[in-house]
Amino acid sequence: MMDFIKKHLPEQPYIEGIQRFSLRDRILRELALNLIIHREYSSAYPTTFTIYRDRIVTENWNIPYVYGHIDLQTMRPHRKNPKIANVFSQMGIVEELGSGIRKMFKYTPLYANGKEPIIEEQDVYRIEIPYVPTLLPTIDESGKKTGKKTGKELEDVIKEAIMKDSSITIQEFQKLTGLSKNGIWNVLNRMKEQNKIKRIGPDKGGHWEVVGD
């Protein structure tokens with residue numbers, strides 16, 4: 001799951017004291033563990049991990065302990081699968097009860113420009129983690145991270161490329177930016193919404209135009 005997350009979601013390094021770590025990995029590791037440990041495995045309801053343009057949403061069948069919205073004030077830490085939780089605890093993978101939720105609330109605002117996670121506990125346990133889609137890693141052909149561009153830098157590269165060749169393709173954008181196909185579409189759609197660029201004509205045979213800053 002973490003390999004999938006690292007491939008498809010933006011990185012954002014963070015320094016806390018003398019420790020440097022990835023906000024993405026710190027938050028979404030807890031999200032992945034939550035899916036495994038708190039799952040009600042007697043249900044056939046599928047567990048889902050869905051990446052949208054600006055948020056990640058997980059849904060997982062569970063046995064509710066507290067119904068409704070969960071935050072730091074209303075959370076009541078409870079091991080829904082004690083045997084599974086104990087195994088993860090003895091392996092040193094999880095810490096004290098409730099630490100995962102606290103980490104999500106602590107670090108998500110740093111990863112998502114001040115936005116907090118949304119957690120709803122019903123029969124389906126739902127967590128929504130917002131993120132900034134333009135903080136994307138540059139990946140070389142071997143799949144190794146080589147650096148990252150800010151949203152402004154990515155937009156400048158895209159606008160310059162359009163001005164040089166208005167018929168530039170998605171594949172050519174990918175080569176310029178190092179982004180995945182989904183990643184480049186995220187940036188293009190965001191720029192269109194902000195009226196910075198526009199698409200004239202169909203996907204095949206049309207062209208791009210720069211319309212604003």
Side-chain angles (χ1 to χ4, degrees), residues 1-14 21-29 31-32 35 46 48-59 104 107-118 126-213:
M1 284 187 70
M2 290 307 298
D3 287 342
F4 177 84
I5 286 166
K6 290 175 182 179
K7 181 179 179 181
H8 294 285
L9 285 166
E11 169 69 294
Q12 188 173 346
Y14 180 70
F21 57 86
S22 163
L23 286 172
R24 175 199 61 196
D25 294 355
R26 181 65 59 92
I27 297 163
L28 297 180
R29 178 182 181 275
L31 190 62
L35 288 175
T48 61
F49 182 104
T50 308
I51 299 174
Y52 295 96
R53 187 180 65 83
D54 57 356
R55 67 193 187 283
I56 305 110
V57 177
T58 64
E59 291 188 345
M104 286 188 221
Y107 295 115
T108 297
L110 301 173
Y111 186 59
N113 284 348
K115 295 180 180 179
E116 291 192 338
I118 299 172
R126 185 179 188 275
I127 300 179
E128 180 176 318
I129 302 290
Y131 71 96
V132 180
T134 52
L135 290 172
L136 294 162
T138 301
I139 306 296
D140 63 17
E141 291 182 357
S142 68
K144 295 181 179 179
K145 191 187 308 176
T146 60
K148 72 183 183 71
K149 292 181 173 63
T150 66
K152 178 69 165 57
E153 289 170 340
L154 282 170
E155 290 180 1
D156 288 344
V157 169
I158 288 169
K159 286 190 288 187
E160 183 178 350
I162 290 172
M163 288 186 286
K164 288 181 179 179
D165 179 9
S166 63
S167 299
I168 186 171
T169 66
I170 295 300
Q171 290 74 21
E172 289 168 332
F173 276 134
Q174 286 181 253
K175 290 179 182 179
L176 283 172
T177 63
L179 301 182
S180 66
K181 186 175 182 179
N182 287 339
I184 194 64
W185 272 117
N186 284 339
V187 179
L188 291 173
N189 287 333
R190 184 183 182 90
M191 292 177 71
K192 286 195 292 183
E193 292 172 2
Q194 296 175 347
N195 200 36
K196 295 178 179 179
I197 61 173
K198 65 180 178 180
R199 180 72 182 177
I200 307 297
D203 290 342
K204 291 185 179 180
H207 66 277
W208 297 95
E209 284 187 7
V210 175
V211 295
D213 296 330

**OP:** Any chance you could lay out the side chain to side chain contact (heavy atoms under 4.5 Å, CB included) test for Leu188 and Ile170, step after step, and finish with the verdict?
**Re:** CA-CA 10 Å; Leu188 291 173; Ile170 295 300; 3.6 Å; yes
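With sequence neighbours left out, the side-chain hydrogen bond (donor to acceptor under 3.5 Å, both in side chains) criterion links Thr169 to Glu172. By the salt bridge (Lys or Arg N to Asp or Glu O under 4.0 Å) test, Lys204 pairs with no residue at all, sequence neighbours left out.
Annotation: Lys181, atom NZ; neighbour count of heavy atoms from other residues, nucleotides and ligands within 6.0 Å does not exceed 12.
Judged by distance alone, the side chain of Arg24 and the main-chain N or O of Leu9 form a donor-acceptor pair under 3.5 Å. In this structure, Glu59 contributes its side chain and Thr50 its backbone to no donor-acceptor pair below 3.5 Å.
When all heavy atoms are compared, the tightest approach of His8 to Ile51 is CB-CD1, 3.8 Å. Scanning all heavy atoms of the two residues, the minimum distance from Val211 to Ile197 falls at CG2-N, 3.7 Å. Here the closest non-hydrogen pair linking Gln194 and Glu155 is OE1-OE2, 3.9 Å. Of all non-hydrogen atoms in Tyr131 and Arg53, the two that sit nearest each other are OH-O, 3.1 Å. Taking all atoms of both residues into account, the shortest heavy-atom contact from Ala112 to Pro130 is CB-O, 3.3 Å. When all heavy atoms of Glu11 and Ser22 are compared, the closest pair comes out as OE1-OG, 2.5 Å.
Rounded to the nearest 0.5 Å, atoms CZ (Phe49) and CG (Leu31) are 5.5 Å apart. The CG atom of Leu176 sits 8.5 Å away from atom NZ of Lys164, with the distance rounded to the nearest 0.5 Å. How far CD of Gln171 is from NZ of Lys175: 8.5 Å, rounded to the nearest 0.5 Å. A distance of 5.0 Å separates CE of Met1 from CG of Leu35, quoted to the nearest 0.5 Å. In this structure, Asp165 CG and Glu160 CD are separated by 12.5 Å, a value rounded to the nearest 0.5 Å. Between the OG1 atom of Thr58 and the CG atom of Leu28 there is a distance of 9.5 Å, given to the nearest 0.5 Å.
In this structure, the side chains of Ile158 and Ile184 come closer than 4.5 Å at one or more pairs of heavy atoms. Residues Asn186 and Leu179 fail the side-chain proximity criterion, which asks for heavy atoms closer than 4.5 Å. Residues Trp208 and Arg199 have side chains in contact (heavy-atom distance under 4.5 Å, counting atoms from C-beta outward). Two residues are said to be in side-chain contact when any heavy atoms from C-beta on lie closer than 4.5 Å; Ile162 and Phe173 meet this criterion. Residues Val57 and Glu128 form a side-chain contact, since some pair of their non-hydrogen atoms from C-beta on lies under 4.5 Å apart. Met104 is listed as a side-chain neighbour of Ile127, based on a closest heavy-atom distance under 4.5 Å.
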